[in-house]
Amino acid sequence: RDLVLVSEPSSSLSPSSSSSPNSNNNDNNNNNAIANFEELSAALERVALSLGLGARPALLTPSTTLASAARTAARSKVVIGKTGPALAALVPLLAPGTGVVELVPPNWEWEGSHLLIRNLTRGLFGRGAGEGRGGGKGVLYSSWRPGELPSCPSPFRALLYASPLDERRFGRWSASECAADRECSEATARGFLRVDVSAVVDEVALLAGALLSCENNDFDDSASERQG
């Protein structure tokens with residue numbers, strides 16, 4: 001089973017010159033919804049190796065077939081991806097004993113939309129599913145979301161808007177303002193998310209480690225039952 005980083009093309013038509021993922025010193029060359037996708041992918045490969053797992057990207061688009069998505073889910077131990085339709089489509093296909101780390105954009109709260117993926121995991125396989133890094137037979141959920149960072153001459157920008165218009169209209173909106181406005185949330189969804197790679201990798205490692213520990217405990221319990 002693998003750590004699977006979901007690759008989803010941004011819904012934007014063309015990034016603005018001021019906020020394009022190809023500026024701001026990051027490595028997105030494929031119009032991916034995660035601006036620093038390649039950097040994150042490389043870091044996940046290293047942590048997967050340390051855990052004895054594989055790591056790979058999985059491209060999911062509106063044309064991806066159900067059979068293809070099911071094959072991706074079947075090979076997954078932990079799925080990592082930006083909030084969006086690709087992640088939402090993959091989660092219900094996951095098997096018990098797997099995990100999800102959702103990468104949530106800032107200002108993404110319109111009508112509870114930021115709770116969709118979490119609620120999907122809670123609805124799978126009954127009581128075992130849900131948040132946390134403990135045991136259980138469901139799909140475990142965790143998330144990363146950029147926090148508030150102090151301003152400085154070159155502030156870290158987690159959300160890179162897809163167009164100059166989106167940037168001008170919503171670039172200075174707070175989370176509470178955006179939560180009450182559908183257009184602001186849509187602009188957030190169109191944007192490119194630049195993640196804190198170290199923080200995301202730490203979250204993935206903790207969740208994957210907990211899932212592997214549960215597997216080992218299940219094996220020990222089964223062996224004890226057979227010996228008894």
Side-chain angles (χ1 to χ4, degrees), residues 5-6 8-21 23-26 28 31-37 40 79-91 99-123 129-133 139-204 206-207:
L5 179 59
V6 175
E8 179 181 13
S10 172
S11 60
S12 67
L13 296 178
S14 60
S16 69
S17 59
S18 62
S19 60
S20 167
S23 61
N24 301 299
N25 299 318
N26 58 65
N28 185 356
N31 205 35
N32 195 286
I34 300 174
N36 50 345
F37 184 90
L40 179 57
V79 171
I80 307 99
K82 179 191 172 188
T83 303
L87 190 61
L90 190 60
V91 166
V100 176
V101 176
E102 181 183 14
L103 310 178
V104 186
N107 294 359
W108 183 250
E109 295 184 7
W110 185 70
E111 292 193 352
S113 53
H114 61 299
L115 302 177
L116 173 63
I117 303 297
R118 187 193 71 178
N119 291 341
L120 281 174
T121 63
R122 285 182 169 180
E131 289 182 277
R133 305 188 188 98
V139 174
L140 297 187
Y141 172 88
S142 187
S143 65
W144 173 86
R145 186 171 192 160
E148 295 294 330
L149 297 176
S151 60
C152 56
S154 299
F156 176 88
R157 297 181 60 200
L159 181 65
L160 309 177
Y161 285 97
S163 73
L165 177 60
D166 288 348
E167 175 78 29
R168 288 194 299 271
R169 291 186 65 188
F170 306 115
R172 296 183 179 274
W173 283 37
S174 68
S176 58
E177 290 171 328
C178 200
D181 189 276
R182 179 172 182 169
E183 290 186 1
C184 180
S185 294
E186 289 175 344
T188 297
R190 286 192 296 269
F192 301 87
L193 180 63
R194 182 168 56 184
V195 303
D196 181 334
V197 171
S198 295
V200 171
V201 166
D202 287 347
E203 196 66 37
V204 171
L206 286 169
L207 188 63

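The chain is numbered in sequence order, starting from 1.
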Q: Minimum heavy-atom separation for Cys184 and Asp181, please, with both atom names.
A: N-OD1, 2.8 Å

Q: Please find the pair of heavy atoms, one from Arg118 and one from Glu102, that lie closest to each other, and give the distance.
A: N-OE1, 4.4 Å

Q: Determine whether a donor-acceptor pair (N or O, by modelled atom type, separation under 3.5 Å) exists between the side chain of Asp196 and the backbone of Pro146.
A: no

Q: May I ask you to decide if Phe170's main-chain N or O and Tyr161's side chain share a donor-acceptor pair within less than 3.5 Å?
A: yes

Q: For Leu159 and Thr188, what are the C-alpha separation, side-chain angles and deciding distance, and is it a side chain to side chain contact (heavy atoms under 4.5 Å, CB included)?
A: CA-CA 7 Å; Leu159 181 65; Thr188 297; 4.1 Å; yes

Q: Between the main-chain N or O of Ala189 and the side-chain N or O of Lys82, is there a donor-acceptor pair closer than 3.5 Å?
A: yes

Q: Of the non-hydrogen atoms in Ile117 and Val100, which two are nearest, and what is the gap between them?
A: CG2-CG1, 4.1 Å

Q: Is the closest side-chain heavy-atom distance between Pro85 and Glu8 below 4.5 Å?
A: yes

Q: So, taking the atom named SG in Cys178 and the one named CD in Glu183, what distance separates them when rounded to the nearest 0.5 Å?
A: 10.5 Å

Q: For Pro105 and Thr83, which heavy atoms make the closest approach, and how far apart are they?
A: CD-OG1, 3.6 Å

Q: Less than 4.5 Å apart, any side-chain heavy atom of Leu87 and any of Val79?
A: yes

Q: Give me the atom names and distance for the closest heavy-atom approach of Phe192 to Asn32.
A: CD2-O, 3.0 Å

Q: Could you pull out the closest heavy-atom pair between Trp144 and Ala199, with the gap in Å?
A: NE1-CB, 3.7 Å

Q: Can you tell me how far CG of Leu193 sits from CG of Leu103, rounded to the nearest 0.5 angstrom?
A: 6.0 Å

